Amino acid sequence: MNQFVRTLAWIAAGAAAGFAYARLAKKKQDSISAPQALRHSGTRTIETDRLILRRFTVEDAPAMYSNWASDPEVTRFLTWQPHVSPEATAELLRDWCGRYENGYFYQWAIELKELGEPIGTISVVEQNDDLKKAHIGYCIGKLWWNQGIMTEALSAVIDFLFSEGYQRLDSRHDPNNPHSGKVMEKCGMTYEGTLRNYDWNNQGYCDACFYSILSSDRK
């Protein structure tokens with residue numbers, strides 16, 4: 001084989017190797033840039049020792065109104081005003097019920113088993129599919145504060161959302177409402193810092209204390 005033929009052979013071999021390497025690199029890159037998709041099962045019933053976390057119905061309006069939605073103490077550090085009537089609550093619930101078939105919609109009623117009616121709510125208020133993260137918000141009637149109920153509900157929702165494929169879950173609270181932060185800590189969430197004048201609630205502009213938990217933290 002003369003030198004020219006040998007040179008062509010080396011060029012062809014190099015090109016083939018380069019093509020194979022490029023395909024392998026692209027396959028690896030695709031596996032990195034296209035992680036497993038989130039399940040987006042939507043609001044599914046979750047049962048704990050004391051609670052049933054479930055979808056709301058319009059028939060929950062009277063209980064929601066009287067147990068927490070009309071109470072200014074409950075909404076003090078929230079972004080929405082107390083409901084003015086059970087009818088206003090029912091109107092909101094009709095909207096939520098119409099969205100339950102959307103797998104991206106996570107909005108649970110917190111039903112106390114011994115009472116048989118909802119006493120609060122917990123939901124995903126923000127989410128990002130690309131980063132597989134979600135932000136959780138919650139509230140509960142004051143008659144059930146400091147009984148570990150919200151900790152029980154949040155812990156169950158965290159487990160469920162990790163099973164959906166999320167890798168990061170976070171939440172935040174007004175520093176003037178430290179009890180909410182205690183709930184996050186009890187659920188294994190880590191304090192990340194306080195952002196100044198980040199938020200707004202019924203008290204006006206406020207700082208926001210952020211907590212998070214990663215799926216790897218549960219392993």
Side-chain angles (χ1 to χ4, degrees), residues 43-56 60-84 86 89 92-93 96 106-126 134-162 169-195 198-214 217-218:
T43 307
R44 297 290 179 241
T45 300
I46 305 170
E47 185 171 351
T48 68
D49 289 342
R50 293 181 290 175
L51 309 173
I52 296 175
L53 308 181
R54 58 166 176 82
R55 296 181 177 189
F56 280 96
D60 291 320
M64 178 175 177
Y65 177 79
S66 62
N67 287 342
W68 77 91
S70 62
D71 190 342
E73 288 190 59
V74 172
T75 63
R76 181 182 178 191
F77 298 109
L78 301 180
T79 59
W80 47 273
Q81 294 290 319
H83 293 191
V84 297
T89 303
L92 175 64
L93 291 182
W96 288 356
Y106 299 92
Q107 181 82 50
W108 287 273
I110 302 171
E111 179 180 312
L112 189 62
K113 289 179 181 178
E114 65 180 28
L115 185 63
E117 62 185 35
I119 59 172
T121 183
I122 184 167
S123 63
V124 171
V125 295
E126 299 172 13
H135 189 82
I136 302 172
Y138 51 80
C139 65
I140 192 172
K142 66 183 178 184
L143 291 178
W144 300 278
W145 290 354
N146 303 314
Q147 297 178 35
I149 293 174
M150 186 53 75
T151 300
E152 189 172 328
L154 177 58
S155 183
V157 166
I158 286 173
D159 287 340
F160 174 79
L161 292 175
F162 281 150
L169 303 171
D170 53 44
S171 193
R172 67 183 188 266
H173 69 90
D174 185 321
N176 293 311
N177 183 25
H179 293 294
S180 186
K182 293 297 183 183
V183 170
M184 299 171 197
E185 289 177 354
K186 289 177 182 177
C187 290
M189 303 183 86
T190 299
Y191 171 68
E192 294 186 325
T194 298
L195 301 184
Y198 177 89
D199 223 340
W200 182 93
N201 59 32
N202 287 322
Q203 302 303 299
Y205 290 105
C206 63
D207 298 346
C209 303
F210 274 81
Y211 288 75
S212 75
I213 185 169
L214 306 181
D217 295 334
R218 286 292 213 214

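Computed from a prediction, not measured in an experiment: that's the story for all the values here. Quick note: numbers below take in every heavy atom, side chains included, and nothing from hydrogens, waters or symmetry partners.
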Trainee: At what distance, to the nearest 0.5 angstrom, does CG of Leu51 lie from NZ of Lys113?
Mentor: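 That separation rounds to 7.5 Å.
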Trainee: If you round to the nearest 0.5 Å, how far is OG1 of Thr45 from CG of Leu53?
Mentor: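 Rounded to the nearest 0.5 Å, the CG-OG1 separation comes out at 8.5 Å.
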Trainee: Look at the aromatic rings of Trp108 and Phe160 and report parallel, tilted or perpendicular, splitting at 30° and 60°.
Mentor: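 Perpendicular.
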Trainee: Report the distance from atom CZ of Arg54 to atom CD1 of Ile46, rounding to the nearest 0.5 Å.
Mentor: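 Rounded to the nearest 0.5 Å, the CZ-CD1 separation comes out at 13.0 Å.
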Trainee: So which heavy atom on Ser212 is nearest to which on Glu192, and how close?
Mentor: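 That would be OG-OE2, 2.6 Å.
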Trainee: Any side-chain to backbone donor/acceptor pair from Ser171 onto Ile136? Under 3.5 Å, distance only.
Mentor: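 Indeed, once roles are kept as given, a pair shorter than 3.5 Å links the two residues.
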Trainee: Closest approach of Thr75 and Ala69, non-hydrogen atoms and distance?
Mentor: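 Residues Thr75 and Ala69, closest heavy atoms: CG2-O, 4.3 Å.
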Trainee: For Tyr211 and Lys182, indicate whether the former's side chain and the latter's backbone hold a donor-acceptor pair under 3.5 Å.
Mentor: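 Looks like no, no N/O pair under 3.5 Å.
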Trainee: Asn176 versus Cys206: any side-chain heavy-atom pair under 4.5 Å?
Mentor: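 A side-chain contact is absent here, since even the closest heavy-atom pair is not under 4.5 Å.
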Trainee: Quick one: does any side-chain atom of Trp145 pair with a main-chain N or O of Ile140 as donor and acceptor, under 3.5 Å?
Mentor: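 Such a contact is found between Trp145 side chain and Ile140 backbone.
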Trainee: Side-chain contact, heavy-atom cut-off 4.5 Å: Asp71 with Pro82?
Mentor: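 Asp71 does not reach Pro82 side chain to side chain.
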Trainee: Considering residues, nucleotides and ligands other than Glu126, do more than 12 of their heavy atoms fall under 6.0 Å from its CD?
Mentor: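 Yes, CD of Glu126 has more than 12 neighbouring heavy atoms, counting only those of other groups under 6.0 Å.
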Trainee: May I ask you to decide if the ring planes of Tyr198 and Phe210 are parallel, tilted or perpendicular, using 30° and 60° as cut-offs?
Mentor: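 Tyr198 and Phe210: perpendicular rings.
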Trainee: Has the side chain of Gln203 got a donor or acceptor atom that lies under 3.5 Å from a matching backbone atom of Phe77?
Mentor: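 Absent.
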Trainee: Give the minimum heavy-atom separation between Pro178 and Pro175, together with the two atoms involved.
Mentor: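 Residues Pro178 and Pro175, closest heavy atoms: CD-O, 3.7 Å.
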Trainee: Could you tell me if the side chain of Gln107 sits less than 4.5 Å from the side chain of Arg55, heavy atoms only?
Mentor: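 Result no, sub-4.5 Å side-chain heavy-atom pair not found.
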Trainee: Give, for atom CZ of Arg218 and atom CG of Asp159, the distance between the pair rounded to the nearest 0.5 Å.
Mentor: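 If I round to the nearest 0.5 Å, the distance is 4.5 Å.
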Trainee: If only atom types and distance count, is the side chain of Arg50 paired as donor or acceptor with the main-chain N or O of Gly148 below 3.5 Å?
Mentor: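 Between the backbone of Gly148 and the side chain of Arg50 there is a qualifying donor-acceptor contact (under 3.5 Å).
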Trainee: Is it the case that the side chain of Asn67 and the backbone of Pro118 share a donor-acceptor pair, with hydrogens and angles ignored and the cut-off at 3.5 Å?
Mentor: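 Checking the backbone N and O of Pro118 against the side chain of Asn67, a donor-acceptor pair under 3.5 Å is found.
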Trainee: Does Ser123 reach the side chain of Trp96, with side-chain heavy atoms less than 4.5 Å apart?
Mentor: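 Of all side-chain heavy-atom pairs linking Trp96 with Ser123, none is under 4.5 Å.
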Trainee: State, to 0.1 Å, how close Cys139 and Leu78 come at their nearest heavy-atom pair, and which atoms those are.
Mentor: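 Cys139 and Leu78 have their closest heavy atoms at CB-CD1, 3.9 Å.
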Trainee: Once you round to the nearest 0.5 Å, how far does CD1 of Ile149 lie from CG of Asp49?
Mentor: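 Between Ile149 CD1 and Asp49 CG, I get 12.0 Å after rounding to 0.5 Å.
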Trainee: Find out whether Met64 and Leu92 are in side-chain contact, i.e. whether some heavy atom of one side chain is under 4.5 Å from a heavy atom of the other.
Mentor: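 With C-beta onward as the side chain, the pair touches.
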Trainee: Under the 3.5 angstrom rule, does the side chain of Lys186 hit a backbone N or O of Ser155 as a donor-acceptor pair?
Mentor: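 No; zero donor-acceptor contacts below 3.5 Å.
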Trainee: Below 4.5 Å, heavy atoms only, C-beta onward: do Ile110 and Trp68 meet side chain to side chain?
Mentor: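 No - every pair of side-chain heavy atoms lies 4.5 Å or more apart.
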Trainee: Once you round to the nearest 0.5 Å, how far does CG of Asn201 lie from CG of Asp174?
Mentor: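 Answer rounded to 0.5 Å: 5.0 Å.
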Trainee: Could you work out, with salt bridge (charged side-chain N to carboxylate O under 4.0 Å, His left out) as the rule, every residue matching Glu73, not counting sequence neighbours?
Mentor: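 Glu73 satisfies salt bridge (charged side-chain N to carboxylate O under 4.0 Å, His left out) with Lys142 only.
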Trainee: Evaluate the side-chain proximity of Ile122 to Leu154: yes if any heavy-atom separation is below 4.5 Å, no if none is.
Mentor: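 The answer is yes, as the side chains (C-beta and beyond) meet within the 4.5 Å cut-off.
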Trainee: Do the non-hydrogen side-chain atoms of Thr43 and Phe56 ever get within less than 4.5 Å of each other?
Mentor: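 Sidechains of Phe56 and Thr43: no contact.
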Trainee: Sub-3.5 Å donor-acceptor pair from the side chain of Asp217 to the main-chain atoms of Leu214, do we have one?
Mentor: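 Checking the backbone N and O of Leu214 against the side chain of Asp217, a donor-acceptor pair under 3.5 Å is found.
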Trainee: Donor-acceptor pair, distance only, cut-off 3.5 Å: does the side chain of Asn202 make one with the backbone of Arg76?
Mentor: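 Such a contact is absent between Asn202 side chain and Arg76 backbone.
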Trainee: Specify the closest pair of heavy atoms between Ala61 and Thr89, including all atoms of both residues, with the distance to one decimal.
Mentor: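 Minimum heavy-atom separation between Ala61 and Thr89: O-CG2, 3.7 Å.
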Trainee: Taking all heavy atoms of Gly188 and all of Ile213, pick out the closest pair and write down the distance.
Mentor: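 For Gly188 versus Ile213, the nearest heavy atoms are O-CD1, 3.8 Å.
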